[in-house]
Protein chains: 2
Amino acid sequence: MNLKLATEIGKCLSNTIRLEILEWLKEPEKNFPPHETLKHFNDGVCVSYIHEKSGLSQSTISFYLTNMEKCGLLISTRHGKWSYLKRNEKIINEYTQFLTK
Amino acid sequence: MNLKLATEIGKCLSNTIRLEILEWLKEPEKNFPPHETLKHFNDGVCVSYIHEKSGLSQSTISFYLTNMEKCGLLISTRHGKWSYLKRNEKIINEYTQFLTK
DNA sequence: CAAATATATCGAAAAATTTCGATATGAAAA
DNA sequence: TTTTCATATCGAAATTTTTCGATATATTTG
């Protein structure tokens, strides 16, 4: 973890909806309906579910998620026409290690 | 820790200089000259040292530090005409707990 | 008490972020 | 292979943040 990356992560964490997305993704089963095609949450949750739950426009959510992936907070996996997002616990841990003593 | 406070903390952490200030304050003795009046770093570092090291204007640094104190990241203590700032490890820990699973 | 020093606040210009609708791209379904 | 569905990208307006110089406040010092 370096200062530049930590700053980009901080930017992603400076917005209520983006923070909520990270919270929701702690427990996908609890916060989202089950996937119709994929029968599991192994790769997280698809963009459309996050979009619906957020109340923001599709383009805004796509923009958010792309940025969160770019700085490593999320991991994106394509399955057919769907993109699934899950938390990147490794980076999140590295970030919190960086913040604490 | 709640979503609103976490968002405010995230805003403070979304800027390279503010992040650096938090890093510097991990080891005041290492990153700042000794205080002339106060002979210790028990209450952290005075605003003018942080100002000098930052390269930004006095008003900007004051504004930064005030915000960082408002959201709990820093603890401010007055000694005469000096304000000393130190990290609030308790809030920082609560924040990192909030981020991680 | 006047001057000097440290910090805080104010108002405003510049820069960055937010957010959307429109549109493009990519993949599956008809 | 055209249509449909999911997601990504673009351009632009609105909002927020950044940052400064000027000025105010608070405290010490002469």
Side-chain angles (χ1 to χ4, degrees), chain A residues 3-4 7-22 25 32-38 41 43-71 73-86, chain B residues 3-4 7-22 25 32-38 41 43-71 73-86:
Chain A
L3 202 62
K4 192 154 175 281
T7 305
E8 291 311 307
I9 290 175
K11 286 182 188 178
C12 282
L13 301 177
S14 71
N15 170 290
T16 306
I17 298 283
R18 286 189 300 259
L19 261 184
E20 275 190 295
I21 292 172
L22 272 182
L25 290 178
F32 298 95
H35 288 125
E36 283 165 26
T37 309
L38 237 56
F41 285 108
D43 291 320
V45 177
C46 67
V47 176
S48 22
Y49 283 0
I50 299 174
H51 169 214
E52 275 174 34
K53 191 155 175 137
S54 75
L56 294 177
S57 74
Q58 187 270 323
S59 54
T60 299
I61 284 300
S62 177
F63 178 63
Y64 278 10
L65 296 175
T66 299
N67 284 340
M68 292 172 82
E69 197 207 344
K70 273 183 189 157
C71 73
L73 280 173
L74 296 181
I75 295 170
S76 172
T77 313
R78 263 267 179 185
H79 287 280
K81 50 180 170 172
W82 291 278
S83 269
Y84 294 81
L85 278 309
K86 67 175 172 188
Chain B
L3 202 63
K4 192 156 174 282
T7 305
E8 291 312 306
I9 290 176
K11 286 181 189 177
C12 282
L13 301 177
S14 71
N15 171 290
T16 305
I17 298 282
R18 286 190 299 259
L19 262 184
E20 274 190 297
I21 292 172
L22 272 182
L25 290 178
F32 298 95
H35 287 125
E36 282 164 28
T37 310
L38 237 56
F41 285 108
D43 292 319
V45 177
C46 67
V47 176
S48 23
Y49 283 0
I50 299 173
H51 169 214
E52 276 174 32
K53 191 156 175 135
S54 75
L56 294 177
S57 75
Q58 187 270 322
S59 56
T60 298
I61 284 300
S62 178
F63 178 63
Y64 278 11
L65 296 174
T66 300
N67 284 339
M68 292 172 82
E69 198 208 343
K70 273 183 188 156
C71 72
L73 280 173
L74 297 180
I75 295 169
S76 171
T77 313
R78 263 266 179 185
H79 286 281
K81 50 181 171 173
W82 292 277
S83 269
Y84 294 81
L85 279 308
K86 67 175 171 188

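Here is the naming used below: chain letters follow the sequence lines, and residue numbers restart at 1 for every chain.
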Subject >> Non-hydrogen side-chain atoms of B:E20 and B:I17 separated by less than 4.5 Å >> reply: yes

Original post:
Heavy atoms, side chains only, cut-off 4.5 Å: are B:L13 and A:L13 in contact?
Top reply: no

**OP:** Kindly say whether A:K11 contributes a backbone atom to a donor-acceptor pair with the side chain of A:S14 at under 3.5 angstrom?
**Re:** yes

**OP:** Determine whether B:K70 and B:E8 make a side-chain contact, defined as any pair of heavy atoms from C-beta on separated by less than 4.5 Å.
**Re:** no

Original post:
How far does the helix from C:dC1-D:dG30 to C:dA30-D:dT1 bend, going by the axes of its first and last five pairs, to the nearest 10°?
Top reply: 10°

**OP:** For B:T66 and for A:K81, locate the closest nucleotide of DNA chain C by heavy-atom distance; then report the residue assigned to the nucleotide nearer the 5' terminus.
**Re:** B:T66

**OP:** Report yes if at least one side-chain N or O of B:S14 is closer than 4.0 Å to OP1 or OP2 of D:dT17; otherwise report no.
**Re:** no

Original post:
Whole Å only: how far is the CZ atom of B:F63 from the C1' atom of C:dC10?
Top reply: 11 Å

Original post:
Do B:Y49 and B:H35 come close enough that some side-chain heavy atom pair is under 4.5 Å?
Top reply: yes

**OP:** Consider the side chain of A:R78, meaning its heavy atoms from C-beta on, and name the nucleotide among D:dT17, D:dT7, C:dT18 that approaches it most closely.
**Re:** D:dT7

Original post:
Rounded to the nearest Å, what distance is computed from the CD atom of residue B:E8 to the C1' atom of nucleotide D:dT16?
Top reply: 12 Å

Original post:
Should A:L74 and A:L22 count as side-chain neighbours, where that means a heavy-atom distance under 4.5 Å?
Top reply: yes

Original post:
So, for B:L85 and B:S76, which heavy atoms are closest and what is the spacing to 0.1 Å?
Top reply: CD1-CB, 3.7 Å

Original post:
OP1 or OP2 of C:dT19 sitting under 4.0 Å from any side-chain N/O of A:N15?
Top reply: yes

Subject >> Between C:dT18 (C1') and A:N67 (CG): distance, integer Å >> reply: 11 Å

**OP:** Rounded to the nearest angstrom, tell me the gap between atom CG in A:L19 and atom P in C:dT18.
**Re:** 12 Å

Original post:
For residues 45-62 of chain B, which residues have at least one heavy atom under 4.0 Å from DNA chain D?
Top reply: B:L56, B:S57, B:S59, B:T60

**OP:** Work out which heavy atom in A:Y84 is nearest to a heavy atom in A:C46; give both atom names and the distance.
**Re:** CD2-N, 3.7 Å

Original post:
Got B:Y64 and B:I50 here, is their nearest side-chain heavy-atom distance under 4.5 Å?
Top reply: no

